[in-house]
Structures are given as structure tokens and as C-alpha cells.
Amino acid sequence: MMTDREEHLAANLAAVRERVAKACAAVGRSAAEVTLIAVTKTFPASDVRLLAGLGVTDVAENRDQEASAKAAECRDLPLTWHFVGQLQTNKARSVASYSDVVHSVDRERLVTALSRAATGTNRSLRCLVQVALDDAEGRGGVRPGGVPALADAIASAPGLTLGGVMAVAPLGGDPAAAFGRLAEVAAALRAVHPGASMISAGMSGDLEEAIACGATHVRVGTALLGGRRAIVR
Ligand SMILES: *Cc1c(COP(=O)(O)O)cnc(C)c1O
């Protein structure tokens with residue numbers, strides 16, 4: 001017997017998977033090319049457990065304190081943990097201890113801190129360069145012009161591997177244009193670093209546009225888990 005919550009999550013998951021499949025079919029891609037990452041921030045570890053039971057393999061969090069506790073509670077589950085939030089260097093050690101992929105690398109000081117943390121714990125951490133697709137301050141990300149140098153720094157840092165790029169579409173902008181720009185940045189990066197194949201783009205509201213532009217990883221919270229309460233930072 002499924003609980004109400006499990007039934008709700010199962011229905012949401014089926015709907016999101018259907019959206020991904022349709023978006024892939026529309027541009028001649030295989031749905032197997034797109035990994036669904038469940039963004040579980042603000043939701044309890046019990047939801048992570050239910051999602052894992054329903055076949056979700058990848059989860060993401062954006063705040064270290066919440067993420068570290070949840071990852072510890074879910075240590076027995078075969079999940080890949082993604083960190084997608086803005087990251088202070090003094091949290092690098094903690095984040096590196098439970099994360100498999102960090103999507104939000106946007107400055108060299110963070111590369112240094114993550115490298116030190118990863119080598120200290122003997123782990124290998126996959127890092128994505130977060131690309132800022134507009135001029136808005138405070139949302140993280142490096143401008144496209146800064147991507148090559150940051151990518152080189154990640155690729156040559158002990159304990160880190162360069163996974164690719166990540167972006168959030170600018171608020172109020174045209175997501176298709178933003179993700180098109182991201183695709184260009186990603187292609188230029190792959191020309192130099194062929195293994196950097198991940199394009200992390202697309203959320204509940206714009207995953208179709210992201211998939212049309214080549215996203216390999218979509219980060220979906222609301223459409224899977226429901227609305228979040230506002231978090232005061
Ligand atoms: C919260 C969050 C998401 C998920 O957003 P939804 O609109 O709830 O799907 C994706 N990416 C990042 C970086 C986030 O912080």
C-alpha cells in the first residue's frame with residue numbers, strides 16, 4: 001500500500017518523466033540522454049527516501065546545513081548527490097564530504113577549497129562551471145568570458161573532474177535564448193575538454209526549452225515535490 005505522499009510523488013514523477021520524454025521526442029533526442037535530478041531542498045529526508053523507492057537516482061540540495069543532515073539520513077540509499085547552491089569556501093569541506101557533483105563552481109578560490117577538501121577525504125568530486133547568463137548580481141555564476149580559465153583550473157585541480165556547465169535562466173528573460181547561449185558555451189568548452197559533457201539546465205518551469213538546447217541534466221523541484229515555503233536568507 002502506498003501512502004498518500006508516495007502516491008502524490010509517484011504521480012508527479014510520472015508527469016515530469018512524460019514532459020522530459022515529450023521534450024526529447026520533439027527534438028529527436030532519446031530520453032535516456034537526460035538525467036532527472038530531484039531538487040529536494042526544504043523537503044524532508046522521508047521524501048528523498050520515497051523518491052529513491054520510485055526510481056529517482058539523483059537528488060540536489062542548495063544549502064549545506066540542510067543537505068549534510070539529509071545526506072546522512074539517506075546514506076544507505078544508492079543516490080547521486082548534487083549541490084546546486086551558492087557555496088562559501090568555508091563550507092567546501094562539508095559539501096565535498098557528501099556530494100558527488102557540485103554545479104555551482106564560479107570562482108577559482110572555490111576550486112582551490114573544493115580540491116583541498118576532496119583530496120583530504122580521498123574522494124573525487126565532479127564540478128560544473130556555473131555560467132551567469134545575465135548581468136543580475138547575486139545569483140552566482142561566472143560570465144561566459146570567464147568560463148575557459150575556470151574550467152582549466154578545475155580540470156587541473158587534484159581531486160576534481162570537470163563535468164561541464166550549469167546555468168539558471170535569467171528571471172523574466174527568454175529561457176530559450178539563455179539556454180541557446182549556454183549551449184554555445186558548452187560546445188566551446190567541449191572543444192577543449194571533450195569529457196566535459198554535462199549541461200545542467202532547466203527547472204520545473206523551463207525544462208522543455210533546456211532539453212531543446214541540449215540539457216543533459218534537468219533540476220526539478222516544484223513539479224515533483226510541490227511548492228516550497230519562502231526561505232528567508
Ligand atoms: C530550487 C532550484 C531548482 C529547482 O527549481 P524548481 O523551479 O522548483 O523546479 C533548480 N536549480 C536550482 C539551482 C535551484 O536552487
Side-chain angles (χ1 to χ4, degrees), residues 8-9 11-20 22-23 34-45 47-48 51 54 56-68 70-71 79-88 91 95 98-107 110 114 126-134 136-142 163-176 178-179 182 185-186 198-233:
H8 187 63
L9 292 178
N12 286 351
L13 180 60
V16 170
R17 290 215 188 280
E18 179 69 20
R19 283 177 64 188
V20 170
K22 279 203 173 119
V34 177
T35 300
L36 173 63
I37 303 174
V39 182
T40 49
K41 65 190 185 199
T42 79
F43 290 94
D47 279 352
V48 175
L51 287 170
L54 293 167
V56 166
T57 56
D58 291 70
V59 295
E61 289 283 331
N62 74 334
R63 297 194 316 154
D64 173 57
Q65 201 179 358
E66 178 183 351
S68 59
K70 225 178 279 185
L79 289 168
T80 297
W81 287 82
H82 300 257
F83 191 85
V84 301
Q86 286 184 42
L87 181 51
Q88 305 299 316
K91 305 279 186 172
V95 166
Y98 57 82
S99 300
D100 301 290
V101 189
V102 177
H103 292 228
S104 44
V105 179
D106 61 0
R107 59 200 190 278
L110 190 52
L114 288 169
R126 178 164 290 193
C127 292
L128 309 186
V129 176
Q130 183 176 348
V131 185
L133 296 170
D134 63 359
E137 290 290 317
R139 302 180 73 211
V142 62
V165 293
M166 176 274 220
V168 178
L171 286 172
D174 172 12
F179 294 141
L182 181 66
V185 172
M198 290 176 65
I199 301 179
S200 166
M203 318 197 305
S204 294
D206 55 18
L207 67 88
E208 285 83 0
E209 288 89 343
I211 287 171
C213 291
T216 62
H217 291 69
V218 292
R219 309 178 307 267
V220 179
T222 309
L224 277 178
L225 291 131
R228 295 178 293 272
R229 292 191 188 163
I231 299 174
V232 180
R233 288 171 191 268

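All of these numbers come straight from a predicted model, not from anything done at the bench. Counting starts at 1 for both ligands and their atoms, following the listed order.
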Taking every non-hydrogen atom, the tightest pair across [X] and [Y]:
X      : Y      : value
Gln130 : His103 : CB-O, 3.6 Å
Met203 : Val220 : C-CG2, 4.4 Å
Leu224 : Asn12  : O-ND2, 2.7 Å
Arg126 : Met198 : CD-SD, 3.5 Å

Inset, instruction - Find all atoms of ligand 1 within a distance of less than 4.0 Å from any non-hydrogen atom belonging to Thr222, and give their numbers and elements. - result: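 So the atoms of ligand 1 that pass are 6 (P), 7 (O), 8 (O), 9 (O).
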Inset, instruction - Pull out every atom of ligand 1 sitting under 4.0 Å from any heavy atom of Val220, numbered as shown with elements. - result: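 The atoms of ligand 1 under 4.0 Å from a heavy atom of Val220 are 9 (O).
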Counting non-hydrogen protein atoms only, what is the nearest one to [atom]? Give residue, atom name and distance.
atom                    : result
atom 11 (N) of ligand 1 : Arg219 NE, 2.9 Å
atom 13 (C) of ligand 1 : Val84 O, 3.6 Å
atom 9 (O) of ligand 1  : Ser204 OG, 2.5 Å
atom 10 (C) of ligand 1 : Met203 SD, 3.1 Å
atom 2 (C) of ligand 1  : Lys41 NZ, 2.6 Å

Inset, instruction - Just do the side chain to side chain contact (heavy atoms under 4.5 Å, CB included) check on Asn62 and Val39 with the steps written out, would you? - result: CA-CA 8 Å; Asn62 74 334; Val39 182; over 6 Å; no
Legend entry - Sub-3.5 Å N/O-N/O distance, Gly221 and ligand 1: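 By distance alone, the answer is yes.
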Inset, instruction - Report yes or no: does a heavy atom of Arg228 sit under 4.0 Å from some atom of ligand 1? - result: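 Under 4.0 Å: yes for Arg228.
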Inset, instruction - Kindly indicate, with the supporting measurements, whether the criterion side chain to side chain contact (heavy atoms under 4.5 Å, CB included) is fulfilled by Asp174 and Glu209. - result: CA-CA 9 Å; Asp174 172 12; Glu209 288 89 343; 5.8 Å; no
Legend entry - Side-chain donor or acceptor of Lys70 paired with backbone N/O of Thr40 under 3.5 Å: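 Answer holds: yes.
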